[in-house]
Amino acid sequence: MGKAVPLMIQGTHSDAGKSALVTALCRIFVQDGFKTAPFKSQNMALNSYITLDGKEIGRAQGVQAEAAGILATTDMNPILIKPSGSYESQIVVHGKPFKNMKAGEYRQDFFQQGLALIRDSYEKLSVCYDRIVIEGAGSPAEINLNDRELVNMRVAQIANAPVIIVGDIEKGGVFASLVGTLQLLEPEDRNRVIGVIINKFRGDVSLLQPGLTWFEEYAGVPILGVVPYIDNLLIEAEDSVVLNNYTSKLDATKEIDIAVIRHPMISNFTDIDPFFAEKDCHVRFVKAVEDLGEPDLLILPGSKNTIEDMMVLQGTGLANRILDLAQKDTMIVGICGGYQMLGNRIEDPYEVESSHKSVEGLGLIPMQTSMTTYKTTVHSEGMASFAEESIPVAGYEIHMGESYFEEECDHFVQLADSREGTITKDRQIIGTYFHGIFHNDLFREVFLNEIRIKKGLEPIKNRDSFSIKREEGFDLLAKVVRENIQLDRINKLITDFQKESK
């Protein structure tokens with residue numbers, strides 16, 4: 001094994017804050033002079049990230065690499081599982097689709113292959129970095145899965161990594177969750193746990209002290225930190241469970257109302273993140289007609305199963321309501337799968353995403369889409385045509401399927417050797433495969449000012465740079481975590497673990 005010193009972060013359950021803590025530690029270790037990389041052996045997520053060489057990994061590992069100031073590679077997340085419905089998922093291996101598999105098939109047939117991939121990827125990282133911060137998934141106490149798991153204690157064994165368990169106090173029962181997790185671990189795995197961190201705490205930490213004292217005495221494991229809840233942290237989430245934190249209700253105190261359709265198989269919803277940083281915008285996620293209202297901007301985001309999510313729009317009545325909004329002043333933007341839904345028809349002749357071979361689209365763009373057996377994953381840049389301006393934009397594409405126009409349309413982005421997307425002459429409807437389009441500061445400014453002008457509001461010039469805000473978010477996260485964990489003690493525990501395990 002190489003020279004890197006590893007630390008693994010596991011949790012009592014999904015959404016305990018593992019990804020955020022790994023992101024923070026990547027930035028902290030780099031600040032302290034260690035060349036650091038993230039690692040997650042197997043990630044299940046529909047929010048993905050495109051590496052510089054056009055490969056697809058979990059978004060969290062891409063973000064963690066950015067926090068560490070390095071370029072993301074597929075070795076940081078060699079296996080990505082993208083659920084597509086019907087108990088089936090697309091398995092992405094080193095950034096490229098491998099095959100669609102059901103859960104039982106994956107556990108039975110892919111285990112040994114996956115284990116070899118994970119070991120190889122970790123060894124490659126280990127010889128290039130001083131520290132590797134490893135993220136687990138779910139909980140290591142999922143005893144029904146542990147005989148063939150590929151993401152928690154088995155990975156800790158491969159890396160010979162000490163483990164910190166994270167518990168989310170916001171959900172309640174954090175001490176029971178931590179104690180139960182520890183008690184369900186095998187003795188060998190239990191001995192890897194060097195401490196726990198309590199996450200998302202709100203209030204006076206002194207009121208928590210009796211529980212901290214009790215836990216350390218009962219469990220015999222140190223509490224290495226109590227990290228407070230951080231409001232308005234502009235770091236992308238990858239698990240759609242975070243969407244439960246967002247309202248579907250209108251906020252009349254904000255000047256621009258943005259509604260985002262929450263598809264059952266929503267993907268790459270981080271396209272919306274820049275709007276959260278805009279003081280005049282309120283973002284809400286909706287999945288029912290009664291919640292949609294009459295927003296200023298309606299966004300149809302990406303989907304991992306475009307046909308079935310389109311069928312949900314039709315079945316819930318949202319499709320008809322969207323068509324009603326198209327007859328009014330609501331601006332409508334479809335991104336990736338949402339773009340495909342704006343067309344006349346979507347076909348899946350090879351059943352790539354669904355057993356349903358076709359569905360009628362919204363018919364707002366004269367376009368048809370046919371799903372293909374290959375996936376487009378690429379970084380792109382070009383000039384977007386909007387409001388009589390030509391605006392430089394950069395983004396990335398992740399999609400199965402090719403779209404064809406049935407009549408001449410105005411294209412949205414001029415690439416170096418082709419044209420992408422479409423925009424109606426009145427600029428009301430935009431369809432694009434460009435993920436990250438709203439991360440482009442100048443385009444976002446011009447776009448939002450178009451809405452403001454329509455509403456009789458003064459334009460806002462020189463909006464804040466979202467990329468700068470993200471960097472500030474990394475630094476804020478690192479600062480808060482550093483101030484609320486026992487970093488010196490953690491460093492010593494990591495070092496001692498490596499000495500004792502040799």
Side-chain angles (χ1 to χ4, degrees), residues 1-12 16-40 64 67-69 122 125-136 140 152-153 155-167 174-175 178-179 181-182 185 187-199 201 205 208-209 211-228 474-475 477-502:
M1 199 66 70
K3 65 184 180 71
V5 173
L7 171 65
M8 188 165 193
I9 305 299
Q10 298 183 19
T12 55
K18 297 184 292 292
S19 295
L21 188 56
V22 170
T23 303
L25 289 170
C26 282
R27 178 57 64 102
I28 288 169
F29 288 150
V30 168
Q31 290 171 340
D32 291 350
F34 298 101
K35 187 179 180 183
T36 305
F39 181 72
K40 187 166 185 175
Q64 290 157 1
Y122 183 81
L125 289 178
S126 185
V127 298
C128 298
Y129 293 92
D130 302 321
R131 291 206 170 171
I132 298 178
V133 189
I134 308 169
E135 182 181 341
N152 284 313
M153 285 299 179
V155 176
Q157 294 165 14
I158 289 172
N160 192 29
V163 173
I164 294 176
I165 304 289
V166 182
V174 69
F175 293 115
L178 288 167
V179 168
T181 299
L182 290 168
L185 296 178
E188 176 188 357
D189 295 331
R190 170 66 177 74
N191 290 335
R192 290 190 177 277
V193 179
I194 60 173
V196 304
I197 289 175
I198 293 176
N199 196 28
F201 180 73
V205 73
L208 191 62
Q209 190 57 52
L212 305 181
T213 302
W214 173 89
F215 175 85
E216 290 190 334
E217 292 176 352
Y218 182 87
V221 173
I223 291 179
L224 299 173
V226 177
V227 178
F474 289 142
D475 287 336
L477 176 62
K479 179 177 183 293
V480 172
V481 171
R482 184 189 288 273
E483 291 174 349
N484 290 279
I485 63 173
Q486 300 175 44
L487 185 59
D488 290 342
R489 189 178 184 185
I490 290 171
N491 281 323
K492 186 177 187 304
L493 287 167
I494 293 172
T495 303
D496 290 347
F497 182 91
Q498 292 301 319
K499 289 178 180 178
E500 293 168 4
S501 61
K502 285 184 179 179

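As the structure is a computational prediction, the values presented were derived from the model and not from experiment. Note that these values count all heavy atoms, side chains included, but never hydrogens, waters or copies made by symmetry. Position 1 is the first residue of the sequence; numbering continues from there.
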Quick one: [atom1] on [X] to [atom2] on [Y], what's the gap to the nearest 0.5 Å?
X	Y	atom1	atom2	answer
Ile165	Thr181	CD1	OG1	6.5 Å
Leu25	Arg131	CG	CZ	9.5 Å
Asp32	Phe29	CG	CZ	8.0 Å
Leu182	Thr12	CG	OG1	10.0 Å

Can you list everything that forms a salt bridge (Lys or Arg N to Asp or Glu O under 4.0 Å) with Lys35? Sequence neighbours excluded, please.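 Result, salt bridge (Lys or Arg N to Asp or Glu O under 4.0 Å) vs Lys35: none returned.
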
Report the residues that fulfil salt bridge (Lys or Arg N to Asp or Glu O under 4.0 Å) with Glu216, sequence neighbours left out, ordered by chain and then residue number.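 So Glu216 forms no salt bridge (Lys or Arg N to Asp or Glu O under 4.0 Å) with any residue.
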
Identify, with sequence neighbours excluded, every residue that meets side chain to side chain donor-acceptor pair (under 3.5 Å) alongside [X].
X	result
Asp189	Gln157
Gln64	Gln61, Glu135
Arg190	none

For a side chain to side chain contact (heavy atoms under 4.5 Å, CB included) check, start with the C-alpha distance between Tyr122 and Ile132, then their side-chain angles and the critical distance, and finish with the verdict. CA-CA 9 Å; Tyr122 183 81; Ile132 298 178; 3.6 Å; yes

Sequence neighbours excluded, every pair satisfying side chain to side chain donor-acceptor pair (under 3.5 Å) that has a member inside residues 22-31: Arg27-Glu471, Arg27-Asp475, Gln31-Arg482

Taking every non-hydrogen atom, the tightest pair across [X] and [Y]:
X	Y	value
Ala478	Ile28	O-CD1, 3.6 Å
Ile9	Leu21	CG2-CD2, 4.0 Å
Lys3	Cys128	NZ-C, 4.4 Å

Contacts of [X] that satisfy side-chain contact (heavy atoms from CB on, under 4.5 Å) - sequence neighbours left out:
X	result
Val30	Thr36, Ala68
Val155	Met8, Phe39, Ser41, Ile118, Ile134
Thr495	Lys499
Leu493	Ile194, Leu224, Arg489

Are Glu188 and Met153 close enough, and set up right, to give a side chain to side chain contact (heavy atoms under 4.5 Å, CB included), and what steps lead you there? CA-CA 10 Å; Glu188 176 188 357; Met153 285 299 179; over 6 Å; no

Phe175 and Phe215 aromatic ring geometry - parallel, tilted or perpendicular at 30°/60° bounds: tilted

From the list Ile490, Val221, Ile485, side-chain contact (heavy atoms from CB on, under 4.5 Å) with Ile164 holds only for Ile490

